[in-house]
2 protein chains.
Amino acid sequence: MPPPRHPRSPLTHAQVVDTALTILARVGLPDLTMRAIGSELGVQQSALYHHYANKQALLGSVADEILARGSRTPSHDATWQERVRLRCQDLHAAVTGYPDGADLVMSMWAFGMGAQAPFDELRGLLADAGLPDDVAPTAARTLLHFVYGHAYDEQSHAHATRSGIVTAHRTPSDFETGLDIVVTGIAARLPD
Amino acid sequence: MPPPRHPRSPLTHAQVVDTALTILARVGLPDLTMRAIGSELGVQQSALYHHYANKQALLGSVADEILARGSRTPSHDATWQERVRLRCQDLHAAVTGYPDGADLVMSMWAFGMGAQAPFDELRGLLADAGLPDDVAPTAARTLLHFVYGHAYDEQSHAHATRSGIVTAHRTPSDFETGLDIVVTGIAARLPD
DNA sequence: ACCTGAACACCGTTCAAGT
DNA sequence: ACCTGAACACCGTTCAAGT
């Protein structure tokens, strides 16, 4: 059932990404097909290839949109640890806000197709904190590996219990504890 | 071209897993299809479903086999840090030993289908080191998130450069630095 | 320029039927 | 018990053709 999309008005990237996010929220990544996106937009799946080179490019934009939403601004007197924590907590929230969000963002980031803003921000925060240039990128990646890995685990766990597989439970404070471990390890790398 | 498989001898799990690993090494995860495995074994793809409930279960065994190979034994006077590092280095080597190995192991572990031995070992090492029971599992997971996340990045980077996408380079010591950050952060959680 | 409609070359999985 | 052969219900992607 195609929604009341204005006939003969060309598709915009924003429309496509918004629709993809809606479908992702409803049915998850495995059912986010080109056919589903096209059908929700009242268009043939082949029409999407006039706007994106392939599905990966489209999903890259979707990942960017997931990450762009809702990042809080730290107070001016916040320490670098508090800034880094806040950014990681927001990233965690953004990514777990959609089913399979961690899976999607992780793969797009690793393949270099979008989702690179968080890395740049974290590297910037760590550089401002005084972390040497040869360790700041590594530390930023380590933070992201933890944030995405933890979120991926949580969301897979949801899938697994849905299909009757028993896995270990995850405390709400589990993320905070792990984040504290990584931030403490980074702090030890500061000069002085 | 089916290899000289003894006719009418029932398929064993070891045969299937070995064949899957051979194909994985040759063509990567996207082309590791049920048809490819069957054809390499000289059997119809449907025959595999007599031994595994589905593809995920088969890939779970493959992930276990990848992880089971080549883990060195630490010397008796090694500190817990050295033991943990050694285990993580071996895991990193095992997982990067096959194309898309990190992707495969990560998803199987997260979905609770095999690949759980490394978690149990690391948790044990950390518990022996004196880490409290409420933080040892979290710390073990944090290590695995880093190891798998880093390996996943490296391997995706290989894919991306193959398809002409520019990404940041990764120093050989990058893994060691990140590992040091996490281990240092864990050490700060020890009592005394 | 933008989209349709139909096809191509695949997937994982199921299942009656054979031995 | 183990496997075949064929089908089912899908995929992502391409491409001539329309407007």
Side-chain angles (χ1 to χ4, degrees), chain A residues 1-17 19-20 23-24 26-63 100 103-104 107-108 111 113 159 163-165, chain B residues 1-17 19-20 23-24 26-63 100 103-104 107-108 111 113 159 163-165:
Chain A
M1 45 286 300
R5 177 178 148 269
H6 198 110
R8 300 305 86 190
S9 75
L11 243 42
T12 65
H13 279 217
Q15 275 178 328
V16 175
V17 170
T19 302
I23 299 174
L24 178 63
R26 200 163 50 212
V27 296
L29 195 55
D31 289 330
L32 181 59
T33 67
M34 296 301 267
R35 279 167 175 83
I37 299 170
S39 143
E40 183 83 14
L41 285 163
V43 118
Q44 291 283 115
Q45 70 265 28
S46 54
L48 297 168
Y49 289 89
H50 219 275
H51 303 271
Y52 295 93
N54 47 42
K55 192 185 182 182
Q56 265 222 341
L58 196 161
L59 292 186
S61 299
V62 174
D100 305 314
D103 189 355
L104 177 58
S107 42
M108 290 306 134
F111 279 85
M113 317 202 61
H159 278 207
S163 43
I165 299 172
Chain B
M1 47 285 301
R5 177 178 148 269
H6 197 111
R8 300 303 88 191
S9 75
L11 245 39
T12 66
H13 279 216
Q15 274 178 327
V16 175
V17 170
T19 301
I23 298 174
L24 178 65
R26 200 163 49 212
V27 297
L29 195 55
D31 290 329
L32 181 60
T33 66
M34 297 300 265
R35 280 166 174 85
I37 299 170
S39 144
E40 182 84 15
L41 285 163
V43 119
Q44 290 284 113
Q45 70 266 27
S46 54
L48 296 168
Y49 290 88
H50 219 275
H51 303 272
Y52 296 94
N54 48 40
K55 193 186 182 182
Q56 266 221 342
L58 195 160
L59 291 185
S61 299
V62 174
D100 305 313
D103 189 355
L104 176 58
S107 42
M108 290 307 134
F111 279 85
M113 316 204 61
H159 277 208
S163 43
I165 299 171

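Letters A, B, ... are given to chains in the order of the sequence lines, protein chains preceding strands, and every chain is numbered from 1. The figures that follow rest on heavy atoms only: side chains count, while hydrogens, waters and symmetry mates do not.
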Rounded to whole angstroms, how far apart are CG on L48(A) and C1' on dC2(C)?
12 Å
Of the options dC11(D), dG5(D), dC11(C), whose atoms approach the side-chain atoms of Q44(B) most closely?
dG5(D)
Rounded to whole angstrom units, what separation is found between the CG atom of L11(B) and the C1' atom of dC3(D)?
10 Å
Pairs counted as Watson-Crick or G-U wobble with both distances under 3.5 Å: what dot-bracket string results for DNA chain C, using | for bases tied to another strand?
||.|||||...|||||.||
Atom pair distance, as rounded to whole Å: CD1 in I37(B) and P in dC3(D)
15 Å
Report the distance from atom CG of L48(A) to atom OG1 of T19(A), rounding to the nearest 0.5 Å.
9.5 Å
All side-chain contact (heavy atoms from CB on, under 4.5 Å) counterparts of T33(A), not counting sequence neighbours:
R35(A), A36(A)
Return the value, rounded to whole Å, for the distance between atom NE2 of H13(A) and atom C1' of dA1(C).
13 Å
Reported OG-to-CG distance for the pair S39(B) and L41(B), which is rounded to 0.5 angstrom
8.5 Å
I37(A) and V16(A) have their tightest heavy-atom pair at CG2-CG1, 4.4 Å
Starting from C1' on dC10(D), measure out to CG on D31(A) and report it in whole angstrom.
11 Å
With a cut-off of 3.5 Å and sequence neighbours excluded, list every side-chain donor-acceptor pair involving residues 52-61 of chain B.
unit_1	atom_1	unit_2	atom_2	d
Y52(B)	OH	H13(B)	ND1	3.4
N54(B)	OD1	Q56(B)	N	3.4
N54(B)	OD1	A57(B)	N	3.0
K55(B)	NZ	L32(B)	O	3.1

Compare all side-chain heavy atoms of D100(A) with those of P30(A) and state whether any distance is below 4.5 angstrom.
yes
Below 3.5 Å is the cut-off: list the nitrogen or oxygen pairs between protein and nucleotides 15-18 of chain D, distance only.
none

Which of residues 49-57 of chain B sit near DNA chain D, with a heavy atom under 4.0 Å from it?
H50(B), H51(B)
In whole angstrom, what separates M34(B)'s CE from dA7(D)'s P?
21 Å
Do E40(A) and R26(A) touch side chain to side chain, with heavy atoms closer than 4.5 Å?
yes
Shortest non-hydrogen separation from Q15(A) to P10(A) and the atoms involved
OE1-O, 3.9 Å
Atom CD of Q45(B) to atom C1' of dC3(D): distance rounded to whole Å?
12 Å
